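The structure presented is a predicted model; accordingly, all values stated were derived computationally and were not measured. Counting starts at 1 for both ligands and their atoms, following the listed order.
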Amino acid sequence: MQELGVVVLAAGQGTRMKSNLPKVLHPLGGRPLFLHVLRTAQRLNPNAVAIVIGHGAEAVRSAYAGNDVAWILQEQQRGTGHAVLCAKEAFKGFKGEVIILSGDVPFIREQTLLMLVAHHRSRNAAVTLLTAFLDEPKGYGRILRDDHGNATGIVEEKDATPAQRGIREVNAGVYVVSASFAFAALSEVKNHNQQGEYYLPDIVAIGLAQRADIETVRVDDVREMLGVNTREELAFMEKDLRQSINKKWMLAGVTFKDPDTTYIEDGVTIGKDTVIGPNTQLRGKTVVGERCQIDGSAFLTDAQIGDEVHLRFSVVMTGCRVANGAIIGPFAHLRPGSNLGPNVHIGNFVETKEAKIGQGTKANHLTYLGDVTIGSEANIGAGTITCNYDGFHKYNTTIGDRVQVGSDTTLIAPVSLGDDVYVATASTVRHDVPAGALVYNQRDERVREGWTEQKRKKMKGSKK
Ligand code: UD1
Ligand code: CA
């Protein structure tokens with residue numbers, strides 16, 4: 001078996017992004033640019049992967065959790081050729097091909113890379129490069145060919161003559177090289193060009209001078225090779241990615257009321273016959289079940305939603321679980337650790353956090369439920385607050401099955417209400433309440449007849 005290696009170039013600053021953030025860390029579909037490339041590369045099960053980092057090296061490194069890649073530091077960004085040469089040691093004694101990818105070309109497909117490798121091996125080539133025909137080739141290296149159509153080299157935009165700039169065939173920046181050839185050729189590359197850089201594409205001319213075989217393969221779908229160099233391009237690709245993800249879910253049986261305003265990250269899954277309203281964002285590892293209804297303006301991150309859940313207009317949910325048949329919102333905020341059982345109802349202006357809520361329990365209005373466990377079929381009245389924080393520590397509240405909490409109740413944690421407890425309205429509960437008990441605060445209600453009129457007269461008299 002011939003070995004297969006991968007080098008991902010990710011050391012450049014990305015000057016044209018005008019950013020303090022290294023370009024390859026700019027997120028596309030919620031994931032840093034270079035991680036798209038890395039993920040595609042890893043699907044090929046390569047024997048070795050090296051990532052060349054430089055600008056913002058530590059930040060780039062910490063954006064990837066795995067430990068199955070070699071990080072190569074390119075201290076000064078002296079060009080793409082120099083960047084690959086920095087990885088030479090990582091491929092010492094390597095017998096086979098290396099795929100070279102750019103960290104800023106995120107849509108390159110696994111199939112294209114496989115096809116490139118197969119072509120390279122079948123021709124026993126030194127370099128096989130991917131090319132594309134662009135209507136607007138500006139910014140890319142142009143492919144030079146002789147009268148027979150054989151590639152003779154690549155000229156960068158900045159070094160090109162006006163005539164060469166008219167060439168529409170460009171270098172996609174994706175290469176398969178034979179390791180032994182490439183690292184030797186790279187040490188011969190000079191930086192005699194407009195940018196004073198060591199250009200990777202110069203190995204083509206070096207190979208041709210040695211009569212080595214240089215192959216080109218044309219990519220069908222140019223979107224695959226588009227690089228992100230500016231924020232405008234990033235936005236364009238974000239839109240493109242969004243459309244393809246939405247299309248995938250529509251084909252899988254999900255209805256979108258307005259695909260243009262629906263943002264779904266690629267780690268999300270959605271069940272059949274779910275209907276999604278406008279301005280919805282499903283992020284991270286969010287899972288939405290079947291036959292759910294999302295009215296709109298939902299912002300869900302790592303949320304797990306069962307089947308037939310109704311998210312009414314405007315909900316924010318993060319790191320939480322919601323079982324089948326629940327109804328949430330409008331205007332509800334489910335924070336991390338919220339775990340709602342089947343058919344739970346959470347209404348407007350209700351916030352939950354670390355809240356385990358049992359089947360059929362309702363909290364429909366203006367309530368804060370934090371660090372709490374609630375049983376099933378309970379009813380939490382309007383304006384109930386679990387007072388879980390004393391400024392130093394957080395405390396838990398426990399509420400049993402079928403408990404009725406009257407409106408305007410404050411539960412001072414740590415506190416526990418047994419099953420079937422009845423909390424009278426406007427109670428402050430400081431002590432545990434046994435099952436089946438009524439709890440209330442003694443408070444007199446007094447009425448003064450005619451008080452309002454007297455008050456108004458007095459106030460008028462005092463007005464100048
Ligand atoms: C490069 C190619 C160009 C091709 C285009 C396709 C060169 C000289 N030109 O141009 O022919 O059409 O890609 O997208 O290769 N990088 C490093 N270290 C460096 C310089 C760059 O790691 O010293 C990395 C960058 O982070 C980036 C990649 O290499 O991920 C490409 O560099 P970039 O400057 O974007 O090259 P282009 O001008 O786009
Ligand atoms: Ca680029």
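At most 12 heavy atoms of other shown residues, nucleotides or ligands fall within 6.0 angstrom of atom CZ in Arg321.
Taking a cutoff of 4.0 Å between a charged side-chain nitrogen and a carboxylate oxygen, Asp371 and Lys394 do not qualify as a salt bridge. Checked for salt-bridge contact, Lys138 and Glu157 miss the test: no charged N lies under 4.0 Å from a carboxylate O. Using a cut-off of 4.0 Å between Lys/Arg side-chain N and Asp/Glu carboxylate O, Asp104 and Arg16 are scored as not salt-bridged. A salt bridge does not link Glu3 to Lys95: none of the charged side-chain nitrogens sits closer than 4.0 Å to a carboxylate oxygen.
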Next item on the list: List the steps and the verdict of side chain to side chain donor-acceptor pair (under 3.5 Å) for Gln77 and His55.
Entry: CA-CA 8 Å; Gln77 284 70 66; His55 189 83; 4.9 Å; no
Item checked: side chain to side chain donor-acceptor pair (under 3.5 Å) between Asp295 and His310, worked out -> CA-CA 8 Å; Asp295 290 351; His310 184 182; 3.0 Å; yes
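Between the side chains of Asp202 and Tyr198, not a single donor N or O lies within less than 3.5 Å of an accepting N or O.
Only the side chain of Asn229 comes within 4.0 Å of ligand 1, counting heavy atoms alone; its backbone N, CA, C and O stay farther away. Residue contacts with ligand 1 for His82 are absent, since no atom lies close enough (heavy atoms, distance under 4.0 Å). Contacts between Glu197 and ligand 1, counted as non-hydrogen atom pairs separated by less than 4.0 Å, are absent for every part of the residue. Contacts of His55 with ligand 1, taken as heavy-atom pairs under 4.0 Å, are absent altogether. Counting heavy atoms under 4.0 Å from ligand 1, residue Ala83 touches it through the side chain alone.
Not one N or O of Pro201 is nearer than 3.5 Å to an N or O of ligand 1, by distance alone. Geometrically, ligand 1 and Tyr199 share no nitrogen or oxygen pair separated by less than 3.5 Å. Distances between N or O atoms of Ala11 and those of ligand 1 include at least one value under 3.5 Å. When only interatomic distances are considered, the shortest N/O to N/O separation between Gln74 and ligand 1 falls below 3.5 Å. Ligand 1 has an N or O atom lying under 3.5 Å from an N or O atom of Leu9, backbone or side chain. Looking at ligand 1, you won't find any N or O of Tyr140 less than 3.5 Å from one of its N or O atoms. Residue-to-ligand polar distances keep Gln76 apart from ligand 1: every N/O pair is separated by 3.5 Å or more. Considering both main-chain and side-chain atoms, Ile154 never comes within under 3.5 Å of ligand 1 through any nitrogen or oxygen pair. Not one N or O of Val105 is nearer than 3.5 Å to an N or O of ligand 1, by distance alone.
Annotation: cation-pi pair Arg168/Phe133 absent, no NZ/CZ under 6.0 Å from the ring centroid and within 45° of its normal.
Ligand 1 lies out of reach of Gln13, whose nearest heavy atom is not under 4.0 Å from it. Not close to ligand 1: Arg142, with no non-hydrogen atom less than 4.0 angstrom away. By the 4.0 Å heavy-atom criterion, Asp104 is counted among the residues contacting ligand 1. Residue Gly227 places every heavy atom at 4.0 Å or more from ligand 1.
When all heavy atoms of Gly139 and Arg142 are compared, the pair lying nearest together is N-NH1, 4.3 Å.
Relative to atom 32 (O) of ligand 1, the option among Val84, Thr80, Leu101 with the closest non-hydrogen atom is Thr80.
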